[in-house]
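Heads up, the thing below is written out as structure tokens.
Only this structure's heavy atoms are used, side chains among them; waters, hydrogens and symmetry mates stay out.
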Amino acid sequence: MFKCTSYSVANQKGGVGKTTTTENIAIGLARNGKEVLIADFDPQGDLTACLGRKECALKNTVSMMLDDYINDKDIRYTSLILKHEEDVDAIPANIELLIF
């Protein structure tokens with residue numbers, strides 16, 4: 001049986017450590033043998049940047065996925081999920097999230 005646990009780190013105020021908390025929890029879980037997928041829903045894309053990805057190098061992001069979902073298009077991107085050296089998978093974000 002497949003068991004999935006979800007966590008959310010959210011706060012309306014900026015500068016309270018959401019990105020750092022998310023990154024550290026994700027890496028800690030991965031180091032303890034858990035499969036980890038994080039989705040960056042911040043238009044600034046700071047979590048994506050923390051994982052070593054530059055916005056200009058991204059082919060697919062969470063905003064593109066949401067746009068395709070809303071428009072009933074196929075959302076199976078082969079390059080959507082980025083692999084991080086700490087064994088954490090990530091769905092990246094960028095400034096395009098501001099339109100949602």
Side-chain angles (χ1 to χ4, degrees):
M1 181 178 193
F2 180 73
K3 184 177 179 183
C4 178
T5 304
S6 299
Y7 299 96
S8 176
V9 179
N11 192 321
Q12 191 172 13
K13 185 177 179 325
V16 295
K18 298 179 296 288
T19 299
T20 303
T21 300
T22 301
E23 180 183 24
N24 287 313
I25 288 173
I27 291 171
L29 288 168
R31 287 183 179 175
N32 283 291
K34 304 293 183 189
E35 291 185 24
V36 179
L37 173 66
I38 53 177
D40 189 356
F41 277 90
D42 182 359
Q44 292 178 324
D46 288 339
L47 184 57
T48 300
C50 284
L51 296 173
R53 301 299 176 145
K54 295 183 180 177
E55 181 178 329
C56 60
L58 299 175
K59 292 182 181 180
N60 297 306
T61 63
V62 72
S63 61
M64 293 174 195
M65 180 185 70
L66 291 171
D67 187 54
D68 284 352
Y69 178 77
I70 289 168
N71 293 303
D72 292 324
K73 294 181 182 176
D74 185 15
I75 59 171
R76 295 182 185 174
Y77 297 122
T78 57
S79 61
L80 178 62
I81 297 176
L82 304 174
K83 306 290 183 187
H84 184 263
E85 63 189 33
E86 293 280 358
D87 236 3
V88 173
D89 294 337
I91 300 175
N94 62 8
I95 196 71
E96 292 175 4
L97 273 173
L98 287 177
I99 63 171
F100 291 98

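- How far CG of Leu51 is from CG of Leu82: 8.0 Å, rounded to the nearest 0.5 Å.
- Every residue meeting the side chain to side chain donor-acceptor pair (under 3.5 Å) condition with Asp89, not counting sequence neighbours, appears here in chain and number order: Lys83.
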Atom pairs and distances, side-chain donor-acceptor, residues 7-21, under 3.5 Å, sequence neighbours left out:
residue : atom : partner : partner atom : Å
Asn11   : OD1  : Lys13   : N            : 3.0
Lys18   : NZ   : Lys13   : O            : 2.7
Thr21   : OG1  : Gly17   : O            : 2.7

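- The closest side-chain heavy-atom distance from Ile81 to Leu37 is below 4.5 Å.
- Applying the side chain to side chain donor-acceptor pair (under 3.5 Å) rule to Asn71 yields the partners Asp67; only residues at least two apart in sequence or on another chain are considered.
- Closest of all the heavy-atom pairs between Pro92 and Asn60 is CG-O, 3.4 Å.
- Within the 4.5 Å cutoff, the side chain of Ile91 has heavy atoms near those of the Leu80 side chain.
- The NE2 atom of His84 sits 8.0 Å away from the CD1 atom of Ile38 when rounded to the nearest 0.5 Å.
- Not counting sequence neighbours, the partners of Phe41 by the side-chain contact (heavy atoms from CB on, under 4.5 Å) test are Ala39, Val62, Leu66.
- With rounding to the nearest 0.5 angstrom, the CD atom of Gln44 is 11.0 Å from the CG atom of Leu97.
- Pairs engaging residues 23-32 under the side-chain hydrogen bond (donor to acceptor under 3.5 Å, both in side chains) rule: Arg31-Glu86 [sequence neighbours left out].
- In the model, Thr48 has no side-chain atom that pairs as donor or acceptor with a side-chain atom of Asn94 under 3.5 Å.
- The CG atom of Asp40 sits 8.5 Å away from the OG1 atom of Thr22 when rounded to the nearest 0.5 Å.
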